[in-house]
Amino acid sequence: MVSRVIPVDPFDLVVFGGTGDLARRKILPALFRRFQAGQMGESSRVIGAARSDMDAEAYRGFVRAAIEEFDPQAASDSAALEEFLGRLSYVALDAKGTAGWDKLAGEVSAGRIRAFYFSVGPGLFGDLAQRLHDYGMADHDSRIVVEKPFGRDLASARALNRGLAQHFQEHQIYRIDHYLGKETVQNLMAVRFGNMLFEPLWNSQYVDHIQITVAESVGVGGRGDYYDRAGAMRDMMQNHLMQLLCLIAMEPPAKFDPDAVRDEKLKVIRALDPVAPDNVVRGQYQAEGDKPDYCTQVENPDSRTESFVALKAHISNWRWAGTPFYLRTGKRLKDRASEIAVVFKEAPHSIFGAGAGRHRNILTIKLQPNEGIELGVTIKEPGPGGMRLIDVPLDMTFAEALGPDSADFPDAYERLIMDVIRGNQTLFMRGDEVEAAWAWTDPIIEGWEERGEAPQPYASGSAGPDDSLMLMHRDGRRWREIKP
Ligand code: NAP
């Protein structure tokens with residue numbers, strides 16, 4: 001199967017923070033792969049911008065090293081890499097100053113798509129928007145891409161939205177959540193709304209509960225300073241897990257268009273009940289072997305920040321009243337594995353008798369490390385010995401079902417950056433969605449702060465604190481095993 005590449009119009013893409021970690025690891029390699037795929041037309045260009053003083057040649061060397069380090073396979077195509085580097089330039093500027101901005105304005109061309117990727121800390125978003133306006137780059141052809149975190153609470157998210165709205169209209173603002181760019185996340189919508197099979201069962205009458213797990217095996221790494229001020233709730237739950245919850249729970253939009261989809265997602269967030277304190281569990285990882293504990297790693301011995309959070313959510317609407325949603329995310333867990341599991345109810349009556357066992361269908365949407373969808377169905381165990389039931393997976397791992405090339409689809413950043421150029425906001429968060437998500441998470445965080453609650457320690461390499469297991473056990477349910 002050969003993936004189709006739809007050309008995009010010529011563009012200038014400015015990466016503010018073009019020397020930063022995210023640019024090196026994700027954005028620049030993603031752009032190179034789109035270039036290799038033939039999606040970056042002949043006149044499209046990428047301009048790095050940051051304070052570091054260097055010329056275009058030095059920046060090309062920097063980008064070459066980044067691509068060689070983070071995508072050695074793509075970088076082995078040295079002819080393509082050299083050609084791509086030829087499309088790159090660099091402008092040294094300060095988001096808070098004036099130096100360099102005239103030069104940038106001269107570098108980007110009027111009358112073509114101009115995208116400005118704000119890959120800098122959120123404290124600079126307002127300054128960048130203001131400067132783009134002051135130097136005549138905030139016109140109807142321009143759009144801005146903003147990274148997470150979009151605020152740290154409702155008040156700061158509102159302030160950010162207000163700051164950006166002074167110079168850009170909502171249809172020009174792309175708030176990125178790279179989970180939405182994953183192939184399987186879009187496939188989730190295809191499975192739900194492209195088949196007759198699932199949607200009639202997609203409600204509290206047939207679904208017992210839904211589990212969403214985003215488990216990481218690594219610790220906070222080099223981002224300890226940022227992470228310790230954020231924690232799992234702000235860093236993961238408020239954005240990535242909430243977005244997955246919305247896509248699973250939303251009503252069918254009338255069309256697959258940005259506002260129709262985002263209207264439905266917003267309704268889900270607004271229908272979420274407040275979460276009672278005993279329905280949330282926070283944890284902090286302990287040391288393991290030569291791997292330090294959380295507090296040592298973030299160099300804050302008294303840190304009360306959570307590296308793990310699990311919660312039970314309820315959506316108060318006709319479709320979902322009575323079906324709990326269990327969400328968990330954390331670092332230094334058993335494995336790196338992210339999935340959504342839709343656990344259906346048992347058949348109301350077994351005609352095979354108690355000995356045959358009772359089974360549940362589970363639809364699992366796997367997001368990482370491997371993307372795919374699996375449906376567990378119950379069949380008779382083959383062979384003699386009477387009617388014994390077993391579960392077998394109907395596995396829709398893309399590579400197996402569609403051939404090896406099918407696993408070669410663009411990664412989330414590639415897809416999302418190209419969506420920005422195309423002007424398609426479907427997979428980006430709208431300002432009101434982000435604010436509604438904060439409005440739901442703020443009281444949970446404020447409750448911890450008011451009660452002075454410390455997170456529970458959990459063993460590195462485990463499934464999180466024991467209380468998170470209890471969160472489900474006490475409802476007669478259990479988390480699925482964390483495994484890739
Ligand atoms: P980083 O490594 O600290 O890079 C920050 C970039 O901003 C650097 O290129 C820096 O270059 C530039 N910069 C800083 N102050 C500036 C100023 N006053 N004017 C112009 N440029 C300035 O940060 P990062 O990890 O790449 O993160 C960037 C954004 O992405 C943040 O919002 C972060 O939360 C978000 N994000 C990062 C990751 C990740 O894995 N890294 C994941 C998700 C989201 P100079 O020092 O040369 O100016």
Side-chain angles (χ1 to χ4, degrees), residues 13-31 46-56 58-59 61-63 65-66 69-71 88 90-101 103-104 107 116-132 134-135 137 144-152 156-157 160 163-164 173-182 214 216 218-232 234-241 243 329 331 336 338 368 411-413 416-417 420 428-429 434:
L13 171 65
V14 177
V15 184
F16 292 113
T19 58
D21 179 64
L22 186 69
R24 289 174 62 237
R25 285 193 306 112
K26 297 288 184 187
I27 302 170
L28 294 161
L31 283 165
V46 176
I47 302 154
R51 289 169 306 179
S52 301
D53 188 19
M54 64 174 114
D55 60 15
Y59 188 61
F62 171 89
V63 174
E69 180 177 352
F70 294 105
D71 194 344
L88 259 57
Y90 180 80
V91 175
L93 53 72
D94 187 336
K96 289 181 173 295
T98 51
W101 282 92
K103 185 174 177 213
L104 182 67
E107 289 260 336
F116 299 93
Y117 200 130
F118 291 9
S119 182
V120 295
L124 296 177
F125 291 175
D127 294 300
L128 289 176
Q130 181 68 46
R131 297 286 179 287
L132 287 172
D134 294 347
Y135 288 83
M137 288 176 273
I144 57 174
V145 185
V146 291
E147 264 297 336
K148 77 164 204 186
F150 198 84
R152 55 174 286 110
S156 54
L160 276 176
L164 298 180
I173 305 172
Y174 291 73
R175 295 174 195 79
I176 212 159
D177 182 328
H178 70 274
Y179 272 67
L180 296 184
K182 288 182 180 290
V214 177
E216 295 175 274
V218 294
V220 295
R223 300 179 72 219
D225 187 39
Y226 153 74
Y227 193 91
D228 200 41
R229 282 178 280 118
R234 289 189 171 98
D235 187 50
M236 298 295 290
M237 186 67 79
Q238 183 272 345
N239 39 61
H240 304 315
L241 280 89
Q243 287 294 317
T329 181
K331 293 192 177 287
R336 173 172 178 254
S338 301
Q368 56 191 24
D411 85 358
Y413 277 91
L416 293 174
I417 294 171
V420 173
F428 294 82
M429 294 179 291
V434 179

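All values below come from the heavy atoms of this structure, side chains included, with hydrogens, waters and symmetry mates left out. Throughout, residue positions are numbered sequentially from 1 according to the sequence presented. Atoms within each ligand, like the ligands themselves, are counted from 1 in listed order.
For ligand 1, the atoms lying closer than 4.0 Å to a non-hydrogen atom of Pro122 are 32 (O). The ligand atoms of ligand 1 that sit less than 4.0 angstrom from a heavy atom of Asp94 are 17 (C), 18 (N), 19 (N). Atoms of ligand 1 lying under 4.0 Å from at least one heavy atom of Pro149, given by number and element, are 34 (O). Residue-ligand proximity, Leu93 to ligand 1, at heavy-atom distances under 4.0 Å covers atoms 19 (N), 20 (C). Interface atoms of ligand 1 facing Ala50, defined by a heavy-atom separation under 4.0 Å, are 9 (O), 11 (O), 21 (N), 45 (P), 47 (O), 48 (O).
The single protein non-hydrogen atom nearest to atom 6 (C) of ligand 1 is Gly17 CA, 3.5 Å, given as residue, atom name and distance. Distance from atom 19 (N) of ligand 1 to its nearest protein heavy atom, with residue and atom name: Ala95 N, 2.8 Å. Regarding atom 32 (O) of ligand 1, its nearest protein heavy-atom neighbour is Val120 O, 2.8 Å. Here the protein heavy atom with the shortest distance to atom 4 (O) of ligand 1 is Gly20 CA, 3.3 Å. Taking atom 47 (O) of ligand 1 as the reference point, the nearest protein heavy-atom neighbour is Ser52 OG, 2.4 Å. Considering only non-hydrogen protein atoms, atom 28 (C) of ligand 1 sits nearest to Ser119 O, 3.3 Å.
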Could you go through Glu216 and Arg336, starting from their C-alpha distance and side-chain angles, then the distance that decides it, and tell me whether this counts as salt bridge (Lys or Arg N to Asp or Glu O under 4.0 Å)? CA-CA 4 Å; Glu216 295 175 274; Arg336 173 172 178 254; over 6 Å; no

Given Phe16 and Leu104, is the side-chain contact (heavy atoms from CB on, under 4.5 Å) satisfied, shown in steps? CA-CA 11 Å; Phe16 292 113; Leu104 182 67; 3.8 Å; yes

So Ser52 and Phe62, side-chain contact (heavy atoms from CB on, under 4.5 Å) or not? Walk me through it. CA-CA 12 Å; Ser52 301; Phe62 171 89; over 6 Å; no

Could you please spell out the steps behind the side-chain contact (heavy atoms from CB on, under 4.5 Å) verdict for Phe118 and Glu147? CA-CA 7 Å; Phe118 291 9; Glu147 264 297 336; over 6 Å; no

Glu69 vs Arg24, side-chain contact (heavy atoms from CB on, under 4.5 Å): CA-CA, chis, key distance, verdict: CA-CA 9 Å; Glu69 180 177 352; Arg24 289 174 62 237; 3.0 Å; yes

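Summarising the geometry of Arg25 relative to Pro29, their closest heavy-atom pair is O-CG, 3.5 Å, with the distance given to 0.1 Å. Phe125 and Leu164 make their closest contact through O-CD2, 4.0 Å (heavy atoms, listed as atom of the first residue, atom of the second, distance).
For ligand 1, one of its N or O atoms has an N or O atom of Lys148 under 3.5 Å away. Note: no N/O pair closer than 3.5 Å links Phe118 and ligand 1 by distance alone. Distances between N or O atoms of Arg25 and those of ligand 1 include at least one value under 3.5 Å. Of the polar atoms of Leu22, at least one N or O is found under 3.5 Å from an N or O of ligand 1, judged by distance alone.
Shown here, atom 21 (N) of ligand 1 is in close reach of the protein: a heavy atom of it lies under 4.0 Å off.
Note: Asp71 CG to Lys26 NZ = 10.0 Å, rounded to the nearest 0.5 Å.
At a heavy-atom cutoff of 4.0 Å, ligand 1 is contacted by the side chain of Arg223 but not by its backbone. The proximity of Leu124 to ligand 1, defined as any non-hydrogen pair under 4.0 Å, is limited to the side chain.
Across Arg51, Arg24, Glu147, heavy-atom proximity to atom 13 (N) of ligand 1 is greatest for Arg51. Distances from atom 1 (P) of ligand 1 to the heavy atoms of Asp21, Thr19, Ile176, Asp53 put Asp21 nearest.
Other residues, nucleotides and ligands contribute more than 12 heavy atoms inside 6.0 Å of the CG atom of Asp55.
Ring geometry for Phe428 against Tyr174 counts as perpendicular: the plane angle is over 60°, on a 0 to 90° scale with 30° as the lower cut.
In the model, Asn239 has no side-chain atom that pairs as donor or acceptor with a side-chain atom of Tyr179 under 3.5 Å.
Lys148 forms no cation-pi arrangement with Phe150, by the criterion of a distance under 6.0 Å to the ring centre and an angle within 45° of the ring axis.
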